[in-house]
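For reference, the structure is listed below as structure tokens.
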Amino acid sequence: MPRIAITLPDGSQQPVEAGSRPIDIAKAISPRLADQALVAKVNGELYDLTRPIETDATLQILTNHDPQALEVYRHSAAHLLAAAVLELFPETKLGIGPPIENGFYYDFDRPTAFTPEDLEQIEQKMREIRDRDLPYERVVTSKEEGLRKYADAWMKCELIDERAGDTFTEYTLGPHFIDFCRGPHVPSTSKIKAFKLLSIAGAYWKGDERNKQLQRIYGTAFFTQKELDQYLQKLEEAKKRDHRKLGKELDLFSIQDLAGPGLIFFHPKGGTVRRQIEDWMRDQYVRRGYSLVYTPHVARADLWKTSGHYNFYGENMFKRMELDDAEYQLKPKNCPFHILIYRDRQRSYRDLPVRLGELGTVYRYERSGVMHGLLRVRGFTQDDAHIFCAPEQIEDEIVSCLEFAVDTLHTFGFEDYEAELSTWDNGASGKYDGAPEQWKLAEDALAKATSRLNLKVKVMPDEAAFYGPKIDVKLVDAIGRLWQLSTVQFDFTLPRRFGLEYIAEDGKAHQPLMVHRALYGSVERFFGILLEHYAGVFPVWLAPVQAIVLPITDRQLDYARQVRDRLDAAGVRVAVDDRSEKVNLKIREAQLQKIPYMLVVGDREAQSGAVAVRNRKHGDQGARPVDDFLADIRRLIDSKAPSE
RNA sequence: GCUGGCGUAGCUCAGCUGGUAGAGCAUCUGAUUUGUAAUCAGAGGGUCGUGGGUUCAAAUCCCUCCGCCAGCUCCA
């Protein structure tokens with residue numbers, strides 16, 4: 001028997017017989033390791049523990065400490081799901097069943113829909129099969145034989161036809177189940193300790209809506225029950241923070257059936273929060289050298305034809321309206337309007353850069369199934385600005401855009417974020433607009449700007465918009481979710497379409513570079529993200545009501561109103577709960593409304609000119625002179641402190 | 001738009017296999033004047049999302065439309 005050399009992660013080498021299996025080597029190292037082993041990595045490639053190694057190789061045994069092992073583990077759980085479904089509903093056809101970010105799914109084709117009760121039954125069956133301790137076994141099959149074998153499984157045939165070489169691998173699970181699959185898998189079903197099926201959904205075959213719709217079962221699996229429980233708890237937490245729920249509980253906004261879906265009504269309290277968000281942004285625009293403009297909500301179809309939206313974005317626009325003189329359309333974007341302002345007079349290089357900013361409300365037609373609270377709507381307000389500049393100015397402009405974006409994140413309490421730089425394909429496909437020099441200039445400027453700011457950035461090749469490269473900033477919220485937020489995009493197309501120019505030092509007309517940037521993206525969406533990030537507990541500067549005065553009895557009503565007036569005069573958003581109710585009730589309701597400060601006033605406070613301060617997070621803070629409290633809360637408001 | 005689920009009082013929800021509506025909270029009225037998360041009592045309030053159908057009889061069964069939810073597809 002020839003011998004091969006296995007190099008372990010610690011660098012040590014071990015000679016073994018060719019054809020040895022990772023599991024044998026693991027056993028030789030330590031029985032404990034063999035017991036914990038889930039999958040192997042041979043020369044960097046994931047291997048089943050039972051797959052023979054034929055040549056010299058590096059070997060790593062992966063256990064439940066490895067994220068890659070978790071993927072394999074979940075993939076195996078998906079097979080377990082498929083096996084359970086086939087035992088219960090043999091007529092079902094299998095699609096694909098990969099691991100995903102937080103679990104796995106499997107797609108099925110079946111004439112009748114799965115019900116929630118089926119889901120429970122399936123999960124029960126999975127446990128049963130798991131307890132049979134069936135091995136996942138890798139089988140190499142020829143394509144020809146495979147097509148014959150899977151003749152009555154149309155999706156598998158399609159996959160084998162498309163993906164398989166002369167041979168392909170499949171995995172068995174017990175005597176009856178076999179699935180076309182690249183693998184690898186954990187050695188046996190008993191390794192799968194903790195899993196749960198979560199939901200049923202429709203999903204198109206191969207993700208294409210022209211294809212047949214299948215039934216997808218989502219589930220998740222973790223190495224331990226504890227981790228699974230933690231994950232389920234996190235889902236619960238996310239549910240509690242749902243901005244739609246909080247929006248109702250805190251009376252911030254609503255969506256009205258009578259008005260239509262995807263159209264947001266900000267109530268007084270939500271309006272107050274939104275005003276803080278918008279005022280901050282407008283103030284920043286001015287400080288950072290942007291000019292604030294206002295533009296209409298509709299324009300003639302001719303404008304949209306010039307901009308190209310009429311043809312290329314028409315699907316997403318509200319239908320045209322006929323007026324006496326022409327067709328008009330609601331704006332889905334602000335860019336053409338800002339361009340018209342730029343173009344309204346001749347520009348000199350001395351005028352550049354021109355930065356036109358607006359909180360512009362746009363309307364987009366979204367298909368009926370896609371609306372989602374504040375996060376996906378049909379009418380929304382962009383903090384939109386367009387920068388027109390000369391090539392030599394571009395890098396500085398990008399740097400300040402990105403600085404602006406990062407400052408915005410910090411202001412609203414987001415500490416973690418990532419940036420993505422989307423670039424073109426160097427012209428390979430011809431699907432991108434603009435000259436190669438333009439692309440190079442723009443991509444270089446974006447890349448340099450990020451390195452000047454030490455911004456960690458992931459390059460996404462061939463992900464650019466067709467009209468130019470872009471940088472997107474994504475934030476990580478309080479419970480670790482990633483949200484797309486700011487975007488800084490080049491646009492080579494619109495300046496050309498509208499014939500934009502400026503007169504340069506050489507006396508000739510040149511085309512300016514145009515950058516489109518939005519930092520909140522959409523004020524509505526940002527509001528929703530913020531609401532979930534803070535779980536409704538807004539920092540004092542954003543809270544709709546910052547303090548509420550709670551008189552203990554009606555005797556202190558006059559004093560309570562004096563306190564209210566004092567704070568109100570100092571610009572604090574303050575209210576009095578003047579109902580003849582017990583202070584316990586008033587406190588409870590103020591707590592539920594997440595009001596930062598409750599100022600309890602009884603006879604003692606009225607006599608000494610004090611308030612008994614109760615903080616929503618830290619409870620009773622004791623009595624203090626009104627002016628002391630005022631100074632403190634003012635400081636928190638002015639500093640936009642993230643938390644009190 | 002597609003698949004599945006759902007739509008009962010302002011809110012959260014109950015109402016089994018058809019016999020024509022109920023709770024808690026909220027609201028209003030009265031009493032209570034209370035020291036850090038729910039005082040007590042009484043009252044009012046629903047064309048059971050919409051329109052149609054089956055039936056002696058529909059919140060309950062069937063169909064249409066509207067909306068919501070979970071996904072898919074598409075996106076700020």
Side-chain angles (χ1 to χ4, degrees), chain A residues 105 107-110 112-116 118-119 198-218 239 242 244-245 248-249 251 254-262 313 315-316 332-334 360 362-384 472 483-487 489 516 518-526 528-529 550-557 579-593 598-605 612-616 618-623:
Chain A
Y105 66 79
D107 284 343
F108 302 98
D109 181 22
R110 194 167 85 101
T112 48
F114 290 117
T115 64
D118 290 340
L119 217 57
L198 297 172
S199 58
I200 313 160
Y204 299 104
W205 172 233
K206 293 179 186 159
D208 187 330
E209 65 180 323
R210 289 166 303 191
N211 286 339
K212 181 162 189 187
Q213 194 160 34
L214 310 171
Q215 297 183 60
R216 174 171 299 176
I217 296 181
Y218 282 96
K239 222 187 251 176
D242 191 309
R244 293 165 299 186
K245 185 165 142 57
K248 193 177 280 184
E249 287 171 3
D251 194 18
S254 63
I255 296 166
Q256 301 287 333
D257 269 13
L258 193 56
Y313 205 70
E315 296 276 292
N316 297 297
K333 301 206 173 185
N334 300 298
V362 296
Y363 292 88
R364 297 184 188 171
Y365 170 73
E366 297 287 354
R367 295 163 89 183
S368 63
V370 306
M371 261 81 72
H372 184 89
L374 295 177
L375 304 182
R376 187 82 182 270
V377 296
R378 282 184 174 157
F380 60 98
T381 303
Q382 293 183 302
D383 62 316
D384 206 1
D472 293 323
W483 303 89
Q484 153 84 46
L485 198 71
S486 307
T487 182
Q489 309 188 344
H516 166 110
L519 305 187
Y520 294 147
S522 140
V523 176
E524 286 78 0
R525 174 179 284 184
F526 186 71
I529 295 170
L550 309 179
I552 289 173
T553 77
D554 294 349
R555 275 200 307 284
Q556 295 91 29
L557 262 180
R579 296 172 303 168
S580 301
E581 293 288 355
K582 292 185 72 167
V583 73
N584 284 311
L585 181 83
K586 296 181 184 182
I587 286 172
R588 175 180 158 80
E589 292 186 356
Q591 283 289 155
L592 291 174
Q593 285 297 304
M598 285 147 270
L599 307 175
V600 176
V601 297
D603 288 334
R604 295 203 295 270
E605 287 75 18
V613 178
R614 180 190 166 97
N615 178 288
R616 64 184 164 187
H618 312 299
D620 191 355
Q621 307 286 291

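The model shown is predicted, which means the values in this text are computed figures rather than measured ones. Only this structure's heavy atoms are used, side chains among them; waters, hydrogens and symmetry mates stay out. All chains are named by letter (A, B, ...) in the order of the sequence lines, taking the proteins before the strands, and each is independently numbered beginning at 1.
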Answer with yes or no whether [X] presents, from its side chain, a donor or acceptor under 3.5 Å of a partner atom in the base of [N].
X: A:Asn584; N: B:rU36; answer: no
X: A:Ser580; N: B:rU33; answer: yes
X: A:Arg376; N: B:rC75; answer: yes
X: A:Tyr204; N: B:rG1; answer: yes
X: A:Glu366; N: B:rA76; answer: yes

Identify whether any heavy atom of [X] sits under 4.0 Å from a base atom; if not, whether one sits that close to sugar-phosphate; answer base, sugar-phosphate or nothing.
X: A:Val362; answer: nothing
X: A:Ile552; answer: base
X: A:Glu605; answer: base
X: A:Ala590; answer: nothing
X: A:Asn316; answer: nothing
X: A:Arg604; answer: base
X: A:Arg244; answer: sugar-phosphate
X: A:Gly207; answer: sugar-phosphate

| task | Determine, for nucleotides 62-67 of chain B in 5'-to-3' order, which nucleotides have protein heavy atoms under 4.0 Å from the base (write B), from only the sugar-phosphate (write S), or from neither (write -). | result | -----S
Which listed nucleotide ([options]) is nearest to the side chain of [X]?
X: A:Arg614; options: B:rA37, B:rU33, B:rA76; answer: B:rA37
X: A:Arg525; options: B:rU36, B:rG1, B:rC75; answer: B:rC75
X: A:Val583; options: B:rG35, B:rA70, B:rC72; answer: B:rG35
X: A:Glu581; options: B:rG35, B:rC72, B:rU39; answer: B:rU39
X: A:Arg588; options: B:rA37, B:rU33, B:rG1; answer: B:rA37
X: A:Gln213; options: B:rC72, B:rU34, B:rA76; answer: B:rC72
X: A:Arg364; options: B:rU36, B:rA37, B:rA76; answer: B:rA76

Atom [atom1], compared across [N] and [M]: separation rounded to whole Å:
N: B:rU36; M: B:rU29; atom1: P; value: 28 Å
N: B:rU60; M: B:rG22; atom1: C1'; value: 15 Å
N: B:rG46; M: B:rU20; atom1: C1'; value: 14 Å
N: B:rG42; M: B:rG51; atom1: C1'; value: 40 Å
N: B:rC75; M: B:rC16; atom1: P; value: 45 Å
N: B:rG7; M: B:rC62; atom1: P; value: 13 Å
N: B:rU64; M: B:rG5; atom1: P; value: 13 Å
N: B:rA59; M: B:rC65; atom1: P; value: 22 Å

Pairing partner of [N] (Watson-Crick or G-U wobble, both distances under 3.5 Å):
N: B:rG42; result: B:rC28
N: B:rU20; result: none
N: B:rC6; result: B:rG67
N: B:rG1; result: B:rC72

Provide the closest heavy-atom pair for [X] versus [Y] in the form atom of the first, atom of the second, distance.
X: A:Gly262; Y: A:Met371; answer: CA-CG, 3.6 Å
X: A:Ile200; Y: A:Gln215; answer: CG2-OE1, 4.5 Å
X: A:Leu557; Y: A:Pro551; answer: CD2-CG, 4.1 Å
X: A:Ile587; Y: A:Met598; answer: O-SD, 4.0 Å
X: A:Thr381; Y: A:Glu524; answer: N-OE1, 2.8 Å
X: A:Tyr520; Y: A:Asp383; answer: N-OD2, 2.9 Å

Could you measure the distance from the [atom1] atom of [X] to the [atom2] atom of [Y]? Nearest 0.5 Å is fine.
X: A:Asp251; Y: A:Glu249; atom1: CG; atom2: CD; result: 11.5 Å
X: A:Thr553; Y: A:Lys582; atom1: OG1; atom2: NZ; result: 13.5 Å
X: A:Asp472; Y: A:Thr487; atom1: CG; atom2: OG1; result: 4.0 Å
X: A:Arg244; Y: A:His372; atom1: CZ; atom2: NE2; result: 4.0 Å
X: A:Gln382; Y: A:His516; atom1: CD; atom2: NE2; result: 5.5 Å

May I have the distance from [X] (atom [atom1]) to [N] (atom [atom2]), rounded to whole angstrom?
X: A:Arg216; N: B:rG5; atom1: CZ; atom2: P; result: 18 Å
X: A:Asp251; N: B:rA26; atom1: CG; atom2: P; result: 16 Å
X: A:Arg367; N: B:rG71; atom1: CZ; atom2: C1'; result: 14 Å
X: A:Met371; N: B:rC2; atom1: CE; atom2: P; result: 13 Å
X: A:Tyr363; N: B:rA76; atom1: OH; atom2: P; result: 19 Å
X: A:Asp107; N: B:rG4; atom1: CG; atom2: P; result: 15 Å
X: A:Ile200; N: B:rC69; atom1: CD1; atom2: P; result: 19 Å
X: A:Arg579; N: B:rU29; atom1: CZ; atom2: P; result: 13 Å

| task | Would you check if A:Phe380 stacks with the base of B:rA76, given a 5.5 Å centroid limit and a 30° plane limit, both strict? | result |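 Yes, A:Phe380 stacks on the base of B:rA76.
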| request: By nearest nucleotide on RNA chain B, pick out whichever of A:Ser522 and A:Asp208 is the more 5' one. | output: A:Asp208
| note | Of A:Met598 and A:Asp554, the one whose nearest nucleotide on RNA chain B sits closer to the 5' end is A:Asp554
OP1 or OP2 of [N] less than 4.0 angstrom from a side-chain nitrogen or oxygen of [X], does that happen here?
X: A:Lys248; N: B:rU12; result: yes
X: A:Tyr218; N: B:rC72; result: yes
X: A:His372; N: B:rC69; result: no

| query | Quick check: are there more than 12 heavy atoms from other residues, nucleotides or ligands sitting under 6.0 Å from CD of A:Glu315? | reply |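 For A:Glu315, atom CD is not crowded (no more than 12 foreign heavy atoms under 6.0 Å).
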